[in-house]
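Input: a single structure, listed below in structure tokens.
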2 protein chains.
Amino acid sequence: MQESKTFESICNLLRNHSYKVTHQRQTILQTFMEHVDRHLSAEEVYMLVKHRDPEIGLATVYRTLDILAEIGVLLKNDFGDGRSRYEFSRKDEQHHHHHLICLHCGNVSEFDDDLLESLEAVISKRTQFKVIDHDLKFYGYCKKCEEAL
Amino acid sequence: MQESKTFESICNLLRNHSYKVTHQRQTILQTFMEHVDRHLSAEEVYMLVKHRDPEIGLATVYRTLDILAEIGVLLKNDFGDGRSRYEFSRKDEQHHHHHLICLHCGNVSEFDDDLLESLEAVISKRTQFKVIDHDLKFYGYCKKCEEAL
DNA sequence: CTATTATATGACAAAGAGACTCATTTGCAA
DNA sequence: TTGCAAATGAGTCTCTTTGTCATATAATAG
Ligand SMILES: [Mn+2]
Ligand SMILES: [Mn+2]
Ligand SMILES: [Zn+2]
Ligand SMILES: [Zn+2]
């Protein structure tokens, strides 16, 4: 049974992993939940969070994002811009979506597809490599930038 | 007509892009050609190069690798270990291979497949995104590590 | 072959993301 | 309410990569 990721369920998830549900972690989580569709960096989260509670430190943001990724609430991405970017992990996706990264404006959009599952099987069969996960990114130009050129 | 990537042809490629063929660039290139199958970081190249010419500076290695990637001689990869890794670009591959990264020992192996070409076409059709390039990595365990666990 | 000059180089400093340190604070279980 | 392990914030530190600049050197013209 797949538990839906409400604020409360995530707090419980923290407790189940014996992490304390601190005021700071709640604020960071709440802030993140208001930007479900975005791919935020630690610094960006820090800025958003500071608006709600200026006392929170950057190190705490880094630590909290790490923990949320570790317990499966967030996904940590690397889009090649020199900083990690986090997004809310959808409750209903067994294997995650792919990313379309615009080489001009940096905008990140998404693409769903399960073709990679079969490719993982091919790899495990053809090579001696046991595949656990994959990461697929497409680089190109978004509609807006393509039209502007 | 595909020119084969000999040492001389790459020197000419540098000249054609109005880059000077300096002693340092030749040494770095020669060193790289002795490790065709590896995915070297700038620091690793620096160490190998220092053996042949201890006078070469790290900044020059960084700059040279950048240039060689820019003119298509090298490919710049990010395997998530916090540093860029370069490899010789094969003359005969229109679209590059994928990488299998071991989560235990960090070893990188390769996998050839052209399934992604068709996926790029699907994306360009289904979304408004103009795909230029892609990057596919698989994470898991290499034969050696899988057996040892 | 020599002079000219734009480019390249090496040493060093600096930037930027993120991890580490440690004194102080706080969640939470007893 | 108390006790204490865990968490926090401020600052320091590490590491990769880029920037600066005085000096050196390919490439080119004469
Ligand atoms: Mn996403
Ligand atoms: Mn490779
Ligand atoms: Zn764009
Ligand atoms: Zn391994």
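Within every chain, numbering begins at 1; the chains are lettered A, B, ... in the order of the sequence lines, protein sequences first and strands thereafter.
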B/H23 vs A/R83, nearer the 5' end of DNA chain C by closest nucleotide: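 Here B/H23 is the residue nearer the 5' end.
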
With a 4.0 Å cutoff (strictly under), does any side-chain N or O of B/S84 reach OP1 or OP2 of D/dT17? yes

Please determine whether a side-chain nitrogen or oxygen atom of A/T22 lies at a distance below 4.0 Å from atom OP1 or OP2 of C/dT26. no

Taking atom types as modelled, find out whether [X] and [Y] have a side-chain donor-acceptor pair closer than 3.5 angstrom.
X	Y	value
A/Y86	A/E44	no
A/H96	A/D135	no
B/Y141	A/Q128	no

Can you tell me which nucleotide in [options] comes closest to the side chain of [X]?
X	options	result
A/Q24	D/dT8, D/dT16, D/dA7	D/dT8
A/D66	D/dT8, D/dT18, C/dA19	C/dA19
A/K20	D/dT8, D/dA6, D/dT18	D/dA6
A/R15	C/dC28, D/dG9, C/dA8	C/dC28

To the nearest Å, how far apart are [X] [atom1] and [N] [atom2]?
X	N	atom1	atom2	answer
A/Y19	D/dA7	OH	P	7 Å
B/L65	C/dT9	CG	P	12 Å
B/N12	D/dA27	CG	P	11 Å
A/R85	C/dG18	CZ	C1'	15 Å
A/I67	C/dG27	CD1	C1'	14 Å
B/D81	C/dG18	CG	P	15 Å
B/R25	D/dT25	CZ	P	14 Å

If the condition is salt bridge (Lys or Arg N to Asp or Glu O under 4.0 Å), which residues does B/D66 pass it with, not counting sequence neighbours?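 B/D66 satisfies salt bridge (Lys or Arg N to Asp or Glu O under 4.0 Å) with B/K76 only.
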
Pull out every residue in residues 40-58 of chain A that has a heavy atom closer than 4.0 Å to any atom of DNA chain D, ordered by number, or say none. A/E55, A/I56, A/G57

Among residues at least two apart in sequence or on other chains, which ones pass side-chain contact (heavy atoms from CB on, under 4.5 Å) with A/E110?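 By the side-chain contact (heavy atoms from CB on, under 4.5 Å) rule, A/E110 matches A/H39, A/E87, A/R90, A/H97, A/H99.
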
Five pairs at each end of the helix from C/dC1-D/dG30 to C/dA30-D/dT1: take the axis at both ends and give me the angle between them to 10°.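 About 30°, once rounded to a multiple of 10°.
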
For the side chain of A/D53 and the backbone of A/E55, is there at least one donor-acceptor N/O pair under 3.5 Å apart? yes

Is there a donor and acceptor pair closer than 3.5 Å between the side chain of B/R63 and the base of C/dG10? yes

So with a 6.0 Å cut-off around NZ of A/K130, is the heavy-atom count from everything else above 12?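 Check fails, neighbour count at 12 or below.
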
Check the interface with nucleotides 12-15 of chain C: list each N/O to N/O pair with the protein under 3.5 Å, or write none.
none

Distances for protein N/O vs nucleotides 28-30 of chain D N/O pairs under 3.5 angstrom?
none

Could you walk me through whether A/I123 and A/K125 satisfy the side-chain contact (heavy atoms from CB on, under 4.5 Å) test, starting with their C-alpha distance in whole Å, then the side-chain angles of each, then the deciding distance to 0.1 Å, before giving a yes or no? CA-CA 5 Å; A/I123 288 172; A/K125 197 160 291 179; over 6 Å; no

Indicate yes or no: at least one non-hydrogen side-chain atom of A/L40 is less than 4.5 angstrom from one of A/R85. no

Going by heavy atoms in the side chains, are B/R25 and B/Y19 under 4.5 Å from each other? yes

Is it true that B/F111 and B/Y139 fall in one hydrophobic cluster, defined by side-chain heavy atoms closer than 4.5 Å? no

Single-linkage hydrophobic cluster, 4.5 Å side-chain cutoff, B/L100 and A/I132 together: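 They do not share one cluster, since no chain of ILVMFWY contacts under 4.5 Å joins B/L100 to A/I132.
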
Option passing side chain to side chain contact (heavy atoms under 4.5 Å, CB included) with B/F88 (candidates B/L68, B/L74, B/D37, B/L75):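 It is B/L74; the other options fail the test.
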
Note: B/E70-B/R63 ion pair, threshold 4.0 Å (strictly below): no

